[in-house]
Amino acid sequence: MENLSIWERVTNSGFETVDFIILVFYIILLVSLGLFLSRNKDGKEKSANDYFLAGNTLTWWAVGASLIAANISAEQFIGMSGTGYADGIAIAAYEVMAAVTLVVIGKFLLPVMLDRKIFTIPQFLRERYNDGVGLAFSILWLFLYVFVNLTSVAWLGALAIEQILGLNGAMLSIGGFEVSMRMVIILGLFVIAGVYSIYGGLASVAWTDVMQVTFLVGGGLITAYVALKEMGVVMGTDALGALGQVYTDMTTGAHAQDVHFHLVIQESHNASAFANVPGIAAVVGGVWLTNLGYWGFNQYIIQKGLAAKNVDEAKKGLIFAGFLKILIPFIVVLPGICAYYIMQNPDEFASLNLAGEIEKSDQAYPWLIRNFTPTGIKGLSFAALTAAIISSLASMFNSTSTLFTMDIYKKYINKNAGDKQLVNIGRLTSVCALVIALIAVKPLLGGLDQAFQYIQEYSGFIYPGIITVFGLGLLWKRASATAAVWTAILTIPMGVLFKVCFPDVAFQFRAGYIFIILVTFFILVSYLDKKFVSVELPSTADQKQMLLWSKILGGAGAAIIVFAIIVVIMGDSTSWTAYLNDIGFQAFIFFGVLVGCNAVWLYSNSVDKVQDKKALPINLNLFSTTRGYTWGAFGICFITFLLYALLW
């Protein structure tokens with residue numbers, strides 16, 4: 001294989017001409033559509049609102065589709081499938097709980113942001129606190145996008161394409177220099193995503209995402225179905241029967257303690273898998289920090305909601321995205337488990353003459369495409385994967401340019417810049433981000449086995465502080481700028497300190513402990529801060545409602561914390577406490593604090609006659625929802641409950 005040319009490797013990969021035609025057609029269609037949508041209408045130059053927020057024209061289905069297209073990328077198709085191969089379906093908790101998180105954000109967070117008519121998340125921080133807090137988080141997000149998000153999506157995407165086409169380790173000679181094919185592929189992905197997103201802005205990104213989400217969901221489901229169908233042929237059954245057989249074999253007999261089909265992992269069954277997805281913590285623990293931070297305060301995600309026509313369209317878009325999100329485990333995690341099952345039973349599937357090996361977990365999904373999908377479907381699956389990668393990169397380029405242009409350039413470099421200049425600076429910023437990410441990608445990600453865990457862990461370093469600063473800033477009238485600045489300063493050092501001092505603690509637990517410390521610190525500093533102004537109390541009706549909920553949530557939070565502490569102290573002294581500790585019941589300490597925090601701000605908002613001078617006005621009407629939203633939210637929560645009941 002080492003002596004074969006690049007073309008010979010591609011020819012031997014199982015791809016036929018029709019597969020490449022499908023892929024090329026998809027890329028041409030994508031770029032053409034993106035450029036068509038980015039054109040200036042009636043000869044008018046794009047305004048900043050047109051470029052960065054699509055002129056607030058997105059409908060609910062565009063919002064929902066774009067949210068999912070931006071979210072589902074190589075980190076899901078490759079990284080999450082790889083973790084599914086290594087650890088099982090528990091990693092799907094990120095997806096399932098994300099659907100529930102979208103319900104919370106749609107009801108409580110996004111309406112406030114839309115009411116403030118903001119472009120960027122740091123802009124909100126400037127308006128709510130001060131310029132220093134906004135600038136700190138602008139820089140923080142820019143580093144996260146360029147050095148974590150852009151690099152990881154591009155690296156995982158190139159790894160997948162390289163594996164599918166049989167190009168592992170291949171080198172391309174350019175002008176006497178040897179360049180790895182992986183880096184060539186990364187450059188190609190950056191260029192394709194950049195061609196329309198850098199020129200057209202969010203409108204091009206969002207409306208092309210509607211097409212892309214169709215490809216990636218449809219292609220992903222077809223890939224999972226075809227793999228199960230081919231396995232069923234060997235087993236003498238159909239696709240559904242094959243899934244049932246895999247489930248039975250992986251949960252009984254010698255595999256009774258195998259974690260691959262359990263959403264809640266017991267530490268005694270698989271300590272390494274528990275470290276990645278620590279049992280019940282994936283439901284009530286640090287996953288809430290990850291999900292609230294990612295879906296609620298991540299610029300390249302929430303920007304789709306901020307570009308909606310109105311609040312109702314934005315809310316419906318988030319519900320639509322929640323239902324799509326529940327499909328993701330079937331698209332990306334299930335194939336990884338199928339690949340694991342095949343590797344555990346090589347003799348049974350020897351007749352399939354499978355090519356290649358899975359040397360690293362993240363190779364599971366591309367290996368499955370290469371070996372199981374037939375001609376034509378292989379091209380469709382490849383197009384779906386490419387759609388996922390390109391859509392995420394395009395969203396990240398747009399949001400990186402938005403952050404730098406609106407929060408740094410316009411605010412600190414050229415306050416009088418016009419729309420044309422802002423758009424040009426935005427485009428230049430995207431190009432610079434592309435170049436920097438291209439240089440940094442290999443040093444950062446070259447030696448990882450499960451890149452999805454890299455993304456989650458290092459993103460998790462900043463989420464405890466982000467949730468504290470943003471959440472209390474949105475909801476609590478006494479949240480002070482002093483508390484916000486010091487919380488922002490302490491966030492990353494706290495994460496590094498805990499990582500160094502407690503390296504064996506699962507990062508979801510670590511994030512939870514850091515959140516408890518930071519939110520306590522934030523509340524104390526805010527109460528000690530003397531920079532406040534007098535304010536009238538809310539109306540009697542609002543006051544009664546807030547006091548009632550503060551008692552309910554405060555009591556619930558305290559009860560949860562006390563019970564969790566008792567369980568942890570009792571340890572293995574009884575069978576039931578032993579089991580609860582084995583599934584990480586300590587996570588409920590964090591969850592109790594998270595619930596109890598709401599009691600603090602509700603009580604304070606109802607009785608305190610002072611507030612921070614930049615506090616947001618209290619408007620409970622922003623949190624009202626339609627009957628359709630309520631039924632949609634109920635549907636998402638019911639499906640989540642059902643999945644956990646079946647796969648606990």
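Nearest heavy atom pair, residue Val259 against residue His269, reads CG1-CB, 3.8 Å. What you find for Ser550 and Ala599 is that their closest heavy atoms are O-CB, 3.3 Å. Between Ile280 and Ala587, the closest heavy-atom pair is CG2-CB, 4.3 Å. Nearest heavy-atom pair, Ala314 versus Val63, reported as atom, atom and distance to 0.1 Å: O-CG1, 4.4 Å. What you find for Leu474 and Leu616 is that their closest heavy atoms are O-CD1, 3.8 Å. Here the closest non-hydrogen pair linking Val500 and Pro503 is O-CD, 3.5 Å.
At least one side-chain heavy atom of Tyr644 sits less than 4.5 Å from a side-chain heavy atom of Val96. In this structure, Val333 and Ile91 have side chains that are in contact, with non-hydrogen atoms separated by less than 4.5 Å. For the pair Met546 and Pro538, the minimum side-chain heavy-atom distance is below 4.5 Å. Contact annotation: the side chain of Lys325 approaches that of Ile328 to within less than 4.5 Å [non-hydrogen atoms, C-beta and beyond]. Counting only heavy atoms from C-beta outward, the side chains of Val287 and Thr101 never approach each other to under 4.5 Å. A heavy-atom distance below 4.5 Å is not found between the side chains of Met113 and Ile105. Side chains of Val146 and Thr151 form no contact here, defined as non-hydrogen atoms less than 4.5 Å apart. Side-chain atoms of Leu334 and Leu243, non-hydrogen and from C-beta on, do get closer than 4.5 Å to each other.
By the side-chain contact (heavy atoms from CB on, under 4.5 Å) test, Ser268 is found to be paired with Gln266, Asp582, residues two or more places apart in sequence or in another chain being considered.
Judged by distance alone, the side chain of Asn605 and the main-chain N or O of Leu475 form a donor-acceptor pair under 3.5 Å. Judged by distance alone, with hydrogens and angles left aside, the side-chain atoms of Trp288 form a donor-acceptor pair with the main-chain N or O of Val283 at under 3.5 Å. Panel note: side chain Arg510, backbone Val505; a donor-acceptor pair is recorded below 3.5 Å. With hydrogens and angles ignored, the 3.5 Å screen pairs a side-chain donor or acceptor of Thr577 with a backbone N or O of Gly571. The closest donor-acceptor contact from the side chain of His260 to the backbone of Tyr85 lies under 3.5 Å. Here the side chain of Asp115 pairs no donor or acceptor atom with the backbone of Pro111 at under 3.5 angstrom. In this structure a side-chain-to-backbone donor-acceptor pair under 3.5 Å is present from Ser606 to Tyr603. Remark: the backbone N or O of Val469 is paired with a side-chain donor or acceptor of Tyr129 at under 3.5 angstrom. A donor-acceptor contact shorter than 3.5 Å links the side chain of Thr251 to the backbone of Tyr247. Proximity of a side-chain donor or acceptor of Asn581 to a complementary backbone N or O of Val567 within less than 3.5 Å is detected.
Annotation: salt bridge (charged side-chain N to carboxylate O under 4.0 Å, His left out) contacts involving residues 589-616, sequence neighbours excluded, comprise Arg128-Asp612, Arg478-Asp608.
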Side-chain donor-acceptor pairs under 3.5 Å in residues 627-638, sequence neighbours left out?
{"unit_1": "Tyr629", "atom_1": "OH", "unit_2": "Val103", "atom_2": "O", "d": "2.5"}
{"unit_1": "Tyr629", "atom_1": "OH", "unit_2": "Lys107", "atom_2": "N", "d": "3.2"}
{"unit_1": "Thr630", "atom_1": "OG1", "unit_2": "Thr626", "atom_2": "O", "d": "3.1"}

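Between the CG atom of Leu537 and the CG atom of Asp542 there is a distance of 11.5 Å, given to the nearest 0.5 Å. Rounding to the nearest 0.5 angstrom, the gap separating the CG atom in Leu102 from the CE atom in Met97 is 11.0 Å. One finds the CZ atom of Phe521 at 10.0 Å from the CE atom of Met494 (value rounded to the nearest 0.5 Å). Taking CD1 of Ile319 as the start and CG of Leu324 as the end, the distance is 11.5 Å to the nearest 0.5 Å. Here the SG-CG distance, from Cys597 to Leu602, works out to 11.0 Å after rounding to the nearest 0.5 Å. Atom OH of Tyr94 is separated from atom OG1 of Thr290 by 5.5 Å, given to the nearest 0.5 angstrom.
Checked against the 6.0 Å centroid criterion, the rings of Tyr527 and Trp476 qualify as a close aromatic pair. Between Phe297 and Phe124, the gap from one ring centroid to the other reaches at least 6.0 Å. Ring centroids of Phe502 and Phe509 are separated by 6.0 Å or more, keeping the two rings apart. Ring pair Phe515/Phe590: centre-to-centre distance below 6.0 Å.
Counting non-hydrogen atoms of neighbouring residues, nucleotides and ligands closer than 6.0 angstrom, the CZ atom of Phe330 reaches no more than 12 such neighbours.
Exactly one of Asn130, Leu472, Asp529 qualifies for a side-chain contact (heavy atoms from CB on, under 4.5 Å) with Ser480. That residue is Asp529. With Val485 as the fixed residue, the side-chain contact (heavy atoms from CB on, under 4.5 Å) test singles out one of Thr487, Ile489, Thr482: Ile489. Checked against Ile89 for a side-chain contact (heavy atoms from CB on, under 4.5 Å), the options Ile337, Thr83, Ile265, Leu643 give a single hit: Ile337.
Classification of the Phe591-Phe588 ring pair by plane angle, with boundaries at 30° and 60°, yields perpendicular. The aromatic rings of Trp141 and Tyr145 lie parallel to each other, with less than 30° between the two planes, well short of the 60° mark.
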Review point. Ile514 and Leu289: side chain to side chain contact (heavy atoms under 4.5 Å, CB included), yes or no, with the steps?
Key: CA-CA 11 Å; Ile514 294 170; Leu289 295 175; over 6 Å; no
Practice item. Check the pair Phe143, Ile462 against side chain to side chain contact (heavy atoms under 4.5 Å, CB included), reporting the backbone distance first and the verdict last. Key: CA-CA 11 Å; Phe143 272 90; Ile462 68 170; over 6 Å; no
Check your understanding: When you look at Leu109 and Val104, which way does the side chain to side chain contact (heavy atoms under 4.5 Å, CB included) test go after all the steps?
Key -> CA-CA 8 Å; Leu109 302 182; Val104 175; 5.7 Å; no
Point to revise | side chain to side chain contact (heavy atoms under 4.5 Å, CB included) between Trp486 and Val525, worked out | key: CA-CA 9 Å; Trp486 280 105; Val525 172; 5.6 Å; no
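Trp295 and Asn298 form no side-chain donor-acceptor contact under 3.5 Å, judged by distance and modelled atom types alone.
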